[in-house]
Amino acid sequence: MSILSYNGGCVLAMKGKGCVAIASDRRFGVQTSTLAMDFQRIFEMGPHLYIGLPGLATDTLTVHERLRFRLNLYELRESRKIKPQTFSAMVSNLLYERRFGPYFVEPVIAGLDPVTWEPFISAMDLIGCPNMPEDFVVAGTCAEQLFGMCEALWEPNLEPDDLFETISQALMNAFDRDAISGWGGVVHIIEKDKVTTRMLKTRMD
Amino acid sequence: MIKKSSVMSCRPTHSSIEWPTIKPEVLSKGLSTVSVLECCPISTVSFESSMACTMNNSISDLLSPDWLTSEHSTGTSIMAVEFNGGVVIGADSRTSTGAYVANRVTDKLTKITNHIYCCRSGSAADTQAIADIVNYHLEFHEVQLGEAPLVKTAASVFQELCYNYRDQLTAGIICAGWDRRHGGQVFNIPLGGMCVRQSFAIGGSGSTYVFGFVDSNFKKGMTKDECVQFVLKTLALAMSRDGSSGGVVRLGIITEDGIERRTVLGNELPRFYED
(Lines give C-alpha, C1' and ligand atoms only; values in the text may rest on other atoms or scores of the structure.)
Protein backbone atom coordinates (compact mmCIF):
# COMPACT_ATOMS: atom_id res chain seq x y z
CA MET A 1 0.00 0.00 0.00
CA SER A 2 1.12 3.52 -0.74
CA ILE A 3 3.30 5.27 1.83
CA LEU A 4 1.27 8.43 1.27
CA SER A 5 -1.84 6.68 2.58
CA TYR A 6 -0.24 5.20 5.70
CA ASN A 7 -1.49 7.92 8.05
CA GLY A 8 -4.38 9.26 5.98
CA GLY A 9 -5.58 12.87 5.85
CA CYS A 10 -6.49 15.57 3.38
CA VAL A 11 -6.14 19.29 2.79
CA LEU A 12 -7.79 21.67 0.36
CA ALA A 13 -7.57 25.39 -0.38
CA MET A 14 -9.86 27.70 -2.32
CA LYS A 15 -9.70 31.25 -3.62
CA GLY A 16 -12.44 33.74 -2.87
CA LYS A 17 -13.05 37.44 -3.30
CA GLY A 18 -10.19 39.13 -1.45
CA CYS A 19 -9.76 36.06 0.70
CA VAL A 20 -8.50 32.50 0.66
CA ALA A 21 -9.58 29.48 2.67
CA ILE A 22 -7.63 26.39 3.66
CA ALA A 23 -9.13 23.36 5.38
CA SER A 24 -8.11 19.92 6.54
CA ASP A 25 -9.34 16.94 8.51
CA ARG A 26 -8.01 16.14 11.98
CA ARG A 27 -7.40 12.41 11.94
CA PHE A 28 -4.12 10.78 12.80
CA GLY A 29 -4.06 7.04 12.38
CA VAL A 30 -1.99 4.04 11.41
CA GLN A 31 -3.67 2.44 8.41
CA THR A 32 -7.24 1.82 9.54
CA SER A 33 -6.67 2.38 13.25
CA THR A 34 -7.44 5.91 14.46
CA LEU A 35 -5.09 7.16 17.16
CA ALA A 36 -5.88 10.87 17.51
CA MET A 37 -8.64 13.24 16.44
CA ASP A 38 -6.76 16.49 17.01
CA PHE A 39 -3.80 16.23 14.65
CA GLN A 40 -2.66 19.54 13.18
CA ARG A 41 -1.90 19.45 9.47
CA ILE A 42 -2.14 23.16 8.63
CA PHE A 43 0.53 25.47 9.97
CA GLU A 44 0.69 29.27 10.14
CA MET A 45 3.89 30.43 8.48
CA GLY A 46 3.03 34.11 8.54
CA PRO A 47 0.09 36.33 9.49
CA HIS A 48 -1.49 35.74 6.07
CA LEU A 49 0.32 32.60 4.94
CA TYR A 50 -0.72 29.04 5.75
CA ILE A 51 0.62 25.71 4.57
CA GLY A 52 -1.12 22.34 4.76
CA LEU A 53 1.02 19.20 4.72
CA PRO A 54 -1.00 16.02 4.13
CA GLY A 55 0.82 12.72 3.76
CA LEU A 56 3.12 10.79 6.06
CA ALA A 57 2.72 12.33 9.51
CA THR A 58 6.38 12.20 10.48
CA ASP A 59 7.27 14.12 7.32
CA THR A 60 4.44 16.59 8.02
CA LEU A 61 6.19 17.51 11.27
CA THR A 62 9.72 17.48 9.82
CA VAL A 63 8.95 19.53 6.71
CA HIS A 64 7.10 22.08 8.84
CA GLU A 65 10.10 22.47 11.15
CA ARG A 66 12.66 22.67 8.31
CA LEU A 67 10.51 25.16 6.45
CA ARG A 68 10.07 27.32 9.54
CA PHE A 69 13.87 27.40 9.91
CA ARG A 70 14.41 28.56 6.32
CA LEU A 71 11.58 31.06 6.50
CA ASN A 72 12.92 32.62 9.70
CA LEU A 73 16.35 33.07 8.13
CA TYR A 74 14.76 34.61 5.04
CA GLU A 75 12.77 37.09 7.10
CA LEU A 76 15.82 38.02 9.16
CA ARG A 77 17.96 38.63 6.09
CA GLU A 78 15.29 40.43 4.04
CA SER A 79 13.62 42.28 6.94
CA ARG A 80 10.21 41.77 5.40
CA LYS A 81 7.40 39.25 5.25
CA ILE A 82 7.76 36.72 2.46
CA LYS A 83 5.46 36.78 -0.57
CA PRO A 84 3.34 33.63 -1.03
CA GLN A 85 4.81 33.01 -4.52
CA THR A 86 8.34 33.13 -3.12
CA PHE A 87 7.36 30.86 -0.23
CA SER A 88 5.92 28.38 -2.73
CA ALA A 89 9.25 28.39 -4.58
CA MET A 90 11.05 27.84 -1.26
CA VAL A 91 8.90 24.78 -0.49
CA SER A 92 9.45 23.44 -4.00
CA ASN A 93 13.21 23.82 -3.58
CA LEU A 94 13.18 22.07 -0.20
CA LEU A 95 11.32 19.09 -1.67
CA TYR A 96 13.37 18.80 -4.87
CA GLU A 97 16.58 18.74 -2.82
CA ARG A 98 15.36 15.30 -1.80
CA ARG A 99 14.47 14.23 -5.33
CA PHE A 100 15.60 10.59 -4.94
CA GLY A 101 14.59 10.08 -1.32
CA PRO A 102 11.63 12.41 -0.96
CA TYR A 103 9.56 13.68 1.91
CA PHE A 104 6.17 12.00 1.64
CA VAL A 105 4.05 15.12 1.83
CA GLU A 106 2.06 16.97 -0.82
CA PRO A 107 1.97 20.60 0.37
CA VAL A 108 -0.94 22.98 -0.14
CA ILE A 109 -0.22 26.69 0.32
CA ALA A 110 -2.78 29.44 0.80
CA GLY A 111 -2.14 33.10 1.52
CA LEU A 112 -2.55 36.77 0.69
CA ASP A 113 0.23 38.90 -0.78
CA PRO A 114 1.48 41.13 2.11
CA VAL A 115 1.54 44.24 -0.13
CA THR A 116 -1.23 43.88 -2.73
CA TRP A 117 -3.50 41.50 -0.69
CA GLU A 118 -3.91 39.40 -3.82
CA PRO A 119 -5.23 35.86 -2.98
CA PHE A 120 -2.76 33.06 -3.74
CA ILE A 121 -3.03 29.28 -3.62
CA SER A 122 -0.61 26.61 -4.73
CA ALA A 123 -0.08 22.89 -4.40
CA MET A 124 2.73 20.56 -5.27
CA ASP A 125 3.58 16.89 -5.50
CA LEU A 126 6.02 15.17 -3.18
CA ILE A 127 9.06 16.27 -5.21
CA GLY A 128 8.03 19.88 -5.51
CA CYS A 129 6.31 20.39 -8.85
CA PRO A 130 4.20 23.50 -8.24
CA ASN A 131 0.69 24.04 -9.49
CA MET A 132 -0.90 27.48 -9.13
CA PRO A 133 -4.46 27.46 -10.45
CA GLU A 134 -7.09 30.14 -10.24
CA ASP A 135 -9.72 28.20 -8.32
CA PHE A 136 -8.85 25.46 -5.81
CA VAL A 137 -6.21 22.91 -4.90
CA VAL A 138 -6.59 19.56 -3.15
CA ALA A 139 -4.27 16.91 -1.70
CA GLY A 140 -4.47 13.81 0.44
CA THR A 141 -5.95 10.32 0.46
CA CYS A 142 -9.35 11.55 -0.72
CA ALA A 143 -8.00 13.87 -3.40
CA GLU A 144 -10.24 12.38 -6.08
CA GLN A 145 -13.32 12.91 -3.92
CA LEU A 146 -12.19 16.46 -3.14
CA PHE A 147 -11.70 17.20 -6.84
CA GLY A 148 -15.25 16.13 -7.55
CA MET A 149 -16.74 18.16 -4.70
CA CYS A 150 -14.74 21.31 -5.50
CA GLU A 151 -15.48 21.12 -9.20
CA ALA A 152 -19.18 20.93 -8.38
CA LEU A 153 -19.36 23.54 -5.62
CA TRP A 154 -16.74 26.20 -6.35
CA GLU A 155 -17.55 29.41 -8.16
CA PRO A 156 -15.45 32.54 -8.56
CA ASN A 157 -15.63 35.58 -6.27
CA LEU A 158 -17.17 34.00 -3.21
CA GLU A 159 -17.45 36.21 -0.14
CA PRO A 160 -15.68 34.94 3.01
CA ASP A 161 -18.86 33.54 4.60
CA ASP A 162 -19.94 31.80 1.40
CA LEU A 163 -16.41 30.53 0.89
CA PHE A 164 -16.51 29.02 4.39
CA GLU A 165 -19.73 27.17 3.58
CA THR A 166 -18.40 25.96 0.25
CA ILE A 167 -15.07 24.71 1.52
CA SER A 168 -16.64 23.03 4.55
CA GLN A 169 -19.19 21.15 2.47
CA ALA A 170 -16.57 20.13 -0.08
CA LEU A 171 -14.26 18.84 2.66
CA MET A 172 -16.86 17.00 4.73
CA ASN A 173 -18.63 15.25 1.90
CA ALA A 174 -15.31 14.21 0.39
CA PHE A 175 -13.81 12.71 3.54
CA ASP A 176 -17.06 10.95 4.39
CA ARG A 177 -16.26 8.79 1.39
CA ASP A 178 -12.73 8.02 2.59
CA ALA A 179 -12.06 5.38 5.22
CA ILE A 180 -8.82 7.02 6.44
CA SER A 181 -9.72 10.72 6.54
CA GLY A 182 -12.13 12.63 8.68
CA TRP A 183 -12.76 12.52 12.42
CA GLY A 184 -13.20 16.28 12.62
CA GLY A 185 -12.31 19.25 10.43
CA VAL A 186 -10.67 22.66 10.70
CA VAL A 187 -11.12 25.62 8.34
CA HIS A 188 -9.07 28.83 8.20
CA ILE A 189 -10.51 31.82 6.32
CA ILE A 190 -7.74 34.30 5.59
CA GLU A 191 -8.80 37.88 4.89
CA LYS A 192 -6.89 41.14 4.74
CA ASP A 193 -7.70 42.19 8.29
CA LYS A 194 -8.34 38.90 10.08
CA VAL A 195 -8.00 35.14 10.00
CA THR A 196 -11.01 33.13 11.22
CA THR A 197 -10.40 29.58 12.37
CA ARG A 198 -13.37 27.29 12.84
CA MET A 199 -13.57 23.65 13.95
CA LEU A 200 -16.14 21.57 12.11
CA LYS A 201 -18.40 19.19 13.99
CA THR A 202 -18.39 16.12 11.77
CA ARG A 203 -19.17 12.40 11.85
CA MET A 204 -16.51 10.68 13.92
CA ASP A 205 -16.27 7.51 11.88
CA MET B 1 -39.12 -26.69 -7.57
CA ILE B 2 -35.63 -25.72 -6.50
CA LYS B 3 -35.18 -21.95 -6.60
CA LYS B 4 -32.23 -20.86 -8.71
CA SER B 5 -29.73 -18.57 -7.11
CA SER B 6 -28.29 -15.83 -9.28
CA VAL B 7 -24.79 -16.61 -8.04
CA MET B 8 -24.17 -19.97 -9.67
CA SER B 9 -24.73 -21.10 -13.21
CA CYS B 10 -25.17 -24.79 -12.37
CA ARG B 11 -27.26 -26.30 -9.62
CA PRO B 12 -26.61 -29.48 -7.63
CA THR B 13 -29.47 -31.89 -7.93
CA HIS B 14 -28.68 -33.70 -4.68
CA SER B 15 -28.77 -32.15 -1.27
CA SER B 16 -25.11 -32.29 -0.20
CA ILE B 17 -23.25 -29.04 -0.54
CA GLU B 18 -21.22 -28.62 -3.69
CA TRP B 19 -19.79 -25.60 -5.32
CA PRO B 20 -18.06 -25.24 -8.69
CA THR B 21 -14.35 -24.53 -8.26
CA ILE B 22 -13.63 -20.84 -8.08
CA LYS B 23 -10.91 -19.86 -10.54
CA PRO B 24 -7.93 -18.61 -8.48
CA GLU B 25 -7.29 -15.68 -10.87
CA VAL B 26 -10.69 -14.20 -10.11
CA LEU B 27 -10.08 -14.23 -6.37
CA SER B 28 -6.46 -13.18 -6.44
CA LYS B 29 -7.08 -9.80 -8.09
CA GLY B 30 -6.04 -7.35 -5.42
CA LEU B 31 -6.17 -9.90 -2.62
CA SER B 32 -3.93 -12.93 -2.63
CA THR B 33 -4.73 -15.68 -0.16
CA VAL B 34 -1.09 -15.93 0.88
CA SER B 35 -1.11 -12.31 1.97
CA VAL B 36 -4.20 -12.89 4.13
CA LEU B 37 -2.31 -15.51 6.14
CA GLU B 38 0.71 -13.22 6.40
CA CYS B 39 -1.47 -10.48 7.74
CA CYS B 40 -3.41 -12.63 10.24
CA PRO B 41 -0.83 -14.84 11.90
CA ILE B 42 -2.14 -14.70 15.45
CA SER B 43 -5.85 -14.50 15.85
CA THR B 44 -8.45 -16.26 13.76
CA VAL B 45 -11.27 -14.27 15.32
CA SER B 46 -10.15 -10.76 14.41
CA PHE B 47 -10.08 -9.76 10.78
CA GLU B 48 -7.51 -7.53 9.14
CA SER B 49 -8.96 -4.89 6.90
CA SER B 50 -8.56 -5.29 3.19
CA MET B 51 -6.21 -2.31 3.14
CA ALA B 52 -3.58 -4.13 5.14
CA CYS B 53 -3.99 -7.29 3.09
CA THR B 54 -4.09 -5.81 -0.40
CA MET B 55 -0.86 -6.63 -2.18
CA ASN B 56 0.22 -5.05 -5.44
CA ASN B 57 0.25 -7.75 -8.05
CA SER B 58 1.81 -5.89 -10.96
CA ILE B 59 3.50 -2.67 -12.04
CA SER B 60 0.22 -1.32 -13.37
CA ASP B 61 -1.28 -1.77 -9.90
CA LEU B 62 1.35 0.62 -8.58
CA LEU B 63 0.28 3.27 -11.06
CA SER B 64 -3.48 2.91 -10.78
CA PRO B 65 -5.44 4.10 -7.76
CA ASP B 66 -6.17 1.84 -4.83
CA TRP B 67 -9.86 1.58 -5.54
CA LEU B 68 -9.32 0.15 -9.01
CA THR B 69 -7.24 -2.77 -7.80
CA SER B 70 -8.71 -3.58 -4.40
CA GLU B 71 -11.41 -6.04 -3.64
CA HIS B 72 -14.65 -4.82 -2.07
CA SER B 73 -14.42 -5.51 1.63
CA THR B 74 -16.91 -5.23 4.42
CA GLY B 75 -13.98 -4.55 6.77
CA THR B 76 -16.38 -3.96 9.49
CA SER B 77 -17.77 -4.18 13.01
CA ILE B 78 -20.42 -6.83 13.64
CA MET B 79 -21.94 -8.18 16.81
CA ALA B 80 -24.61 -10.49 18.15
CA VAL B 81 -25.90 -10.99 21.72
CA GLU B 82 -28.23 -13.63 23.14
CA PHE B 83 -31.01 -12.79 25.56
CA ASN B 84 -33.85 -14.80 27.02
CA GLY B 85 -36.27 -15.11 24.11
CA GLY B 86 -34.06 -14.15 21.17
CA VAL B 87 -30.97 -12.40 19.90
CA VAL B 88 -29.92 -8.85 19.06
CA ILE B 89 -27.67 -8.51 16.02
CA GLY B 90 -25.90 -5.37 14.87
CA ALA B 91 -23.50 -4.15 12.20
CA ASP B 92 -22.03 -0.93 10.82
CA SER B 93 -22.76 0.10 7.22
CA ARG B 94 -19.44 0.73 5.48
CA THR B 95 -18.12 -1.18 2.45
CA SER B 96 -14.66 -0.08 1.43
CA THR B 97 -12.63 -0.63 -1.75
CA GLY B 98 -9.15 0.08 -0.48
CA ALA B 99 -9.60 3.40 1.30
CA TYR B 100 -12.56 4.50 -0.82
CA VAL B 101 -15.95 4.06 0.83
CA ALA B 102 -17.87 2.27 -1.89
CA ASN B 103 -21.12 2.05 0.03
CA ARG B 104 -21.83 3.98 3.22
CA VAL B 105 -25.29 2.53 3.84
CA THR B 106 -24.62 -1.19 3.39
CA ASP B 107 -26.89 -3.78 4.95
CA LYS B 108 -24.65 -6.46 6.43
CA LEU B 109 -27.45 -8.27 8.23
CA THR B 110 -28.54 -10.87 5.73
CA LYS B 111 -31.62 -13.08 6.02
CA ILE B 112 -31.14 -16.82 5.99
CA THR B 113 -34.65 -17.68 7.18
CA ASN B 114 -37.33 -15.61 8.88
CA HIS B 115 -35.78 -16.38 12.27
CA ILE B 116 -32.11 -16.81 11.34
CA TYR B 117 -29.86 -13.97 10.15
CA CYS B 118 -26.14 -13.66 9.58
CA CYS B 119 -23.75 -10.75 10.07
CA ARG B 120 -21.16 -10.60 7.28
CA SER B 121 -17.56 -9.41 7.50
CA GLY B 122 -14.63 -9.89 5.15
CA SER B 123 -14.88 -9.91 1.38
CA ALA B 124 -18.24 -8.56 0.27
CA ALA B 125 -18.39 -10.89 -2.72
CA ASP B 126 -17.45 -14.01 -0.74
CA THR B 127 -19.93 -13.40 2.06
CA GLN B 128 -22.78 -12.54 -0.30
CA ALA B 129 -22.18 -15.72 -2.26
CA ILE B 130 -21.97 -17.86 0.89
CA ALA B 131 -25.13 -16.34 2.36
CA ASP B 132 -26.97 -17.01 -0.91
CA ILE B 133 -25.94 -20.65 -0.86
CA VAL B 134 -26.84 -21.14 2.81
CA ASN B 135 -30.20 -19.47 2.15
CA TYR B 136 -30.85 -21.99 -0.63
CA HIS B 137 -29.92 -24.95 1.51
CA LEU B 138 -32.01 -23.82 4.46
CA GLU B 139 -35.06 -23.18 2.29
CA PHE B 140 -34.76 -26.67 0.84
CA HIS B 141 -34.22 -28.13 4.30
CA GLU B 142 -37.30 -26.33 5.65
CA VAL B 143 -39.44 -27.85 2.90
CA GLN B 144 -38.08 -31.33 3.63
CA LEU B 145 -38.40 -30.92 7.39
CA GLY B 146 -41.85 -29.37 7.38
CA GLU B 147 -40.94 -26.92 10.15
CA ALA B 148 -38.59 -23.99 10.78
CA PRO B 149 -34.92 -25.11 10.78
CA LEU B 150 -32.63 -24.86 13.80
CA VAL B 151 -30.04 -22.08 14.13
CA LYS B 152 -27.30 -24.65 14.61
CA THR B 153 -28.25 -26.21 11.25
CA ALA B 154 -27.63 -22.89 9.50
CA ALA B 155 -24.39 -22.45 11.42
CA SER B 156 -23.36 -25.94 10.42
CA VAL B 157 -23.96 -25.21 6.73
CA PHE B 158 -21.90 -22.01 7.05
CA GLN B 159 -19.16 -23.98 8.72
CA GLU B 160 -19.04 -26.62 6.01
CA LEU B 161 -18.62 -23.98 3.31
CA CYS B 162 -16.17 -21.79 5.21
CA TYR B 163 -13.99 -24.72 6.28
CA ASN B 164 -13.90 -26.71 3.04
CA TYR B 165 -13.17 -23.64 0.91
CA ARG B 166 -11.05 -21.89 3.55
CA ASP B 167 -8.15 -21.26 1.16
CA GLN B 168 -10.33 -19.44 -1.35
CA LEU B 169 -12.54 -17.44 0.97
CA THR B 170 -12.19 -14.43 3.23
CA ALA B 171 -15.33 -14.57 5.32
CA GLY B 172 -15.94 -13.93 9.01
CA ILE B 173 -19.58 -14.65 9.77
CA ILE B 174 -21.78 -14.48 12.87
CA CYS B 175 -24.90 -16.62 12.48
CA ALA B 176 -27.63 -15.78 14.99
CA GLY B 177 -31.33 -16.41 15.39
CA TRP B 178 -34.15 -17.98 17.32
CA ASP B 179 -35.67 -21.43 17.10
CA ARG B 180 -38.34 -23.18 19.10
CA ARG B 181 -36.11 -25.88 20.59
CA HIS B 182 -33.17 -23.86 21.92
CA GLY B 183 -34.35 -20.23 21.91
CA GLY B 184 -31.91 -17.46 20.99
CA GLN B 185 -28.46 -18.62 19.84
CA VAL B 186 -25.32 -16.96 18.50
CA PHE B 187 -22.69 -18.86 16.52
CA ASN B 188 -19.36 -17.32 15.57
CA ILE B 189 -17.75 -18.66 12.37
CA PRO B 190 -14.45 -16.81 11.90
CA LEU B 191 -11.89 -17.01 9.10
CA GLY B 192 -10.71 -20.64 9.14
CA GLY B 193 -14.17 -22.17 9.40
CA MET B 194 -14.45 -23.01 13.09
CA CYS B 195 -17.96 -22.80 14.52
CA VAL B 196 -18.53 -22.05 18.17
CA ARG B 197 -21.64 -21.03 20.09
CA GLN B 198 -21.15 -17.99 22.33
CA SER B 199 -23.41 -15.87 24.55
CA PHE B 200 -22.25 -12.88 22.56
CA ALA B 201 -19.92 -12.60 19.58
CA ILE B 202 -18.06 -9.73 17.95
CA GLY B 203 -16.34 -9.80 14.58
CA GLY B 204 -14.78 -7.78 11.81
CA SER B 205 -11.79 -5.46 11.80
CA GLY B 206 -13.46 -3.07 14.27
CA SER B 207 -13.99 -5.79 16.84
CA THR B 208 -10.31 -5.74 17.85
CA TYR B 209 -10.83 -2.32 19.47
CA VAL B 210 -13.75 -3.42 21.65
CA PHE B 211 -12.75 -6.79 23.07
CA GLY B 212 -11.92 -5.16 26.39
CA PHE B 213 -15.15 -3.19 26.43
CA VAL B 214 -17.42 -6.17 25.75
CA ASP B 215 -15.55 -8.44 28.17
CA SER B 216 -15.98 -5.93 30.97
CA ASN B 217 -19.55 -4.85 30.17
CA PHE B 218 -21.35 -8.07 29.27
CA LYS B 219 -23.65 -9.49 31.94
CA LYS B 220 -25.63 -12.71 31.73
CA GLY B 221 -29.42 -12.29 31.85
CA MET B 222 -29.70 -8.86 30.21
CA THR B 223 -33.10 -7.79 28.93
CA LYS B 224 -33.80 -7.09 25.28
CA ASP B 225 -33.39 -3.32 25.69
CA GLU B 226 -30.19 -3.70 27.70
CA CYS B 227 -28.80 -5.86 24.89
CA VAL B 228 -29.75 -3.22 22.32
CA GLN B 229 -27.91 -0.51 24.29
CA PHE B 230 -24.91 -2.82 24.74
CA VAL B 231 -24.72 -3.46 20.99
CA LEU B 232 -25.13 0.25 20.16
CA LYS B 233 -22.39 1.37 22.53
CA THR B 234 -19.99 -1.33 21.36
CA LEU B 235 -20.51 -0.63 17.68
CA ALA B 236 -20.26 3.14 18.23
CA LEU B 237 -16.89 2.68 19.93
CA ALA B 238 -15.63 0.36 17.19
CA MET B 239 -16.80 2.70 14.42
CA SER B 240 -15.11 5.61 16.14
CA ARG B 241 -11.69 3.91 16.13
CA ASP B 242 -11.74 1.72 13.04
CA GLY B 243 -11.32 3.31 9.62
CA SER B 244 -13.02 0.40 7.87
CA SER B 245 -16.21 0.78 9.95
CA GLY B 246 -18.67 3.64 9.91
CA GLY B 247 -21.95 4.99 8.66
CA VAL B 248 -25.10 3.95 10.48
CA VAL B 249 -25.74 1.09 12.89
CA ARG B 250 -28.16 -1.52 11.58
CA LEU B 251 -29.85 -3.52 14.32
CA GLY B 252 -32.01 -6.61 14.24
CA ILE B 253 -33.95 -8.08 17.15
CA ILE B 254 -34.97 -11.68 16.41
CA THR B 255 -37.59 -13.33 18.60
CA GLU B 256 -40.38 -15.85 18.20
CA ASP B 257 -42.34 -13.21 16.26
CA GLY B 258 -39.63 -12.76 13.62
CA ILE B 259 -37.23 -9.86 13.17
CA GLU B 260 -37.62 -6.22 14.17
CA ARG B 261 -35.16 -4.08 12.22
CA ARG B 262 -33.87 -0.70 13.32
CA THR B 263 -31.44 1.82 11.88
CA VAL B 264 -29.61 4.21 14.21
CA LEU B 265 -28.16 7.19 12.34
CA GLY B 266 -24.75 8.70 13.04
CA ASN B 267 -26.02 11.65 15.04
CA GLU B 268 -28.17 9.42 17.29
CA LEU B 269 -25.32 7.10 18.27
CA PRO B 270 -23.81 7.31 21.76
CA ARG B 271 -20.83 9.68 21.81
CA PHE B 272 -17.73 9.16 23.90
CA TYR B 273 -14.72 11.19 24.95
CA GLU B 274 -13.98 13.88 22.40
CA ASP B 275 -12.32 17.20 22.89
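A note on names: the letters A, B, ... follow the listed sequences, proteins ahead of strands, and every chain is numbered from 1.
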| request: With the side chain counted from C-beta on, respond yes when A/Cys142 and B/Tyr100 share a heavy-atom pair under 4.5 Å apart, and no when they do not. | output: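 Of all side-chain heavy-atom pairs linking B/Tyr100 with A/Cys142, none is under 4.5 Å.
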
Go through the atoms of [X] and report whether side chain, backbone, both or neither lie under 4.5 Å from a heavy atom of chain A.
| X | answer |
| --- | --- |
| B/Asn267 | neither |
| B/Ser245 | backbone |
| B/Ala236 | neither |

Which heavy atom of [X] sits nearest to which heavy atom of [Y], and what is that distance?
| X | Y | answer |
| --- | --- | --- |
| B/Met239 | A/Trp183 | O-CZ2, 4.0 Å |
| B/Gly247 | A/Asp205 | N-OD2, 2.6 Å |
| B/Ala99 | A/Asp178 | O-OD1, 3.0 Å |

| Relative to chain B, which segment of A/Thr141 carries a heavy atom at a distance below 4.5 Å: side chain, backbone, both, or neither? |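 For A/Thr141, no heavy atom lies under 4.5 Å from chain B.
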
| message | Determine whether a donor-acceptor pair (N or O, by modelled atom type, separation under 3.5 Å) exists between the side chain of A/Thr32 and the backbone of B/Gly243. | response |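 It does not hold such a pair.
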
Should we count [atom1] of [X] as having more than 12 external heavy atoms under 6.0 Å?
| X | atom1 | answer |
| --- | --- | --- |
| A/Asp135 | CG | yes |
| A/Arg66 | CZ | no |
| B/Phe218 | CZ | yes |

| said: Under a 4.5 Å cutoff for heavy-atom pairs, which residue among A/Arg203, A/Arg27, A/Met199, A/Arg177 has the most contacts with chain B? | reply: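 Top count of heavy-atom pairs under 4.5 Å with chain B: A/Arg177.
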
